[in-house]
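Below is one structure, written out as structure tokens, with a few remarks after it.
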Amino acid sequence: MTAADAYAALLHRSKEIGIIQSCAALLSWDQQTYMPVKGTLWRSEQISYLSTLAHEKLTDPQVGQWLAQVESSELMADPEGEAAANVREWRRSYNRATRVPASLVAELARVTTAAQQAWQDAKLRNDFPGFQPHLEKIVRLKKEEAQAIGYSQHPYDALLDEYEPGATTKDVRILFDNLAQQLVPLVKIWSGSQRRPDCGILQRDYPVDRQRIFAESAAAALGFDFAAGRLDVTAHPFCSGIGPGDCRITTRYNPRYFSEAFFGVLHETGHALYEMHLPAEHAGTPLGTACSLGIHESQSRLWENQVGRSRPFWEHFFPRLQQTFPAALADVSLDDFYLAINEVRPSLIRVEADEVTYNLHIIVRFELETALLTGDLPVADLPAAWRQAMDKYLGVVPPDDSRGCLQDIHWSFGGIGYFPTYTLGNLYAAQFMAAARQQLGAEQLQQDFRNGRFDRLREWLVHHIHRHGQRYRAQELCRRVTGQPLCPEPFLQYLRDKYEPLYGS
Ligand code: ZN
């Protein structure tokens, strides 16, 4: 077999695995939208069968042989060529999948299934001791997983790499420390301002059928193609890219709170635009796959916050919103509405946090989960450490663990290393947007938004980010797009430009 044959075999295998995974994704979408409740057991057998099949196809010793053959061939001569990028990501997946022993994979699956149930109960009953033994097992197993995968500096590196390939604990810590240092005083100033928004205007009657029509029209205006996607209702909103020409997003409507569904839809639309513009000819291979969770989140946050909470955006949409909800908004001005959707207030719950305070919630979790992993923080001490960290960064202390360390699902499914991708996404979004403003013209972009036009920004994102798939790692992509490594300054500058006129400096 020649190296070219080995590469062709890898391409074929990669597409097979991609097809299996996309079938599982479709089954999972169906489970969360329309599946009859009694189908749960059989559905979990279907999904678990497909994920075992994909795992076998990936860890097949032949894959290792093909990889070795291609890696030592002239196909790798161009380090930025297609083959080099695909092989780099296949190698990463292959190593991760083969280094973790099957017994550990099985134990993690068993422990996290039980833990998710226990977490739900514990959150409901504010019963951290009920969840503690599960989390202790998970931390122990994730430590073992990190050891098995290997790392050069910090065991957390091995876990972070699952979601953000190439990122290191050290870099993230420097970035987050720098961000926190500058953010904490800004939060104090803006949340302490005399000027307070009237957020009650967002909690009036917003009939659900009208919310749906309005959200769909906004998603379409941003570029969501309803012939290549769907918007449905689920308990927990998500975006699932099934494959070329098929990307599904979901939301949930609250008849007494406008922001929940609307900004959720903008967020998921941002994820969907990325999925919709990955190169179809590379579907099922790294070049047709999103770069990282951080880059994915940058796309959702860019449309949700940088665009969707901007004044020019609402100069276009607010008159339409008033027409759609005359009873709720007839007496509300654009300025009052704009202020209300940009409230700054330290709060207890991450998913409800505004864009200024949100990253401090992530920094709390990053600090605590790295300490859990090294053993510096025993699981038993987590609730107290949580309260202390919330007080330090946000100046608020949860009165119970349900609104404290039990609020997120992530640790119960073993997702240690996931949280930083949210803040990386926010920082990437701001840095990309600053580059787009520079290249497309800040004033012209604002004028686009005032006119309800988003095509120039969208095409810029497609050209600079979406079409590359995993050709570059996130860190390299950022340098190419913005000329700089990721840093907190563009995000902080964006906040100052936006919030100082609202709440003072
Ligand atoms: Zn997201």
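Indexing begins at 1, ligand by ligand and atom by atom, following the structure's order.
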Exercise. For the ring-ring contact (aromatic ring centres under 6.0 Å, His included) test, which of Phe419, Tyr393, Phe176 pairs with Phe366?
Worked result: Phe176
For this session: Can you see which heavy atom on Trp314 is nearest to which on Arg309, and at what distance?
Result: NE1-CA, 4.3 Å
Exercise. Which word best sums up how the rings of Trp29 and Tyr34 line up, parallel for under 30°, tilted for 30 to 60°, or perpendicular for over 60°?
Worked result: perpendicular
For this session: Around the Zn ion (ligand 1), list the protein N/O/S atoms within a radius below 2.8 Å, excluding water molecules.
Result: His267 NE2, His271 NE2, Glu297 OE1
For this session: Before giving the answer on salt bridge (charged side-chain N to carboxylate O under 4.0 Å, His left out), spell out for Arg212 and Asp232 the whole-Å C-alpha distance, their side-chain angles and the decisive distance to 0.1 Å.
Result: CA-CA 10 Å; Arg212 188 177 55 75; Asp232 295 274; over 6 Å; no
Exercise. Taking the six-membered ring of Tyr358 as reference, does the NZ or CZ atom of Arg301 fall below 6.0 Å from its centre and within a 45° cone about the axis?
Worked result: yes
For this session: Establish, for the pair Arg365 and Tyr422, whether the NZ or CZ atom is under 6.0 angstrom from the six-membered ring centre and no further than 45 degrees off its axis.
Result: no
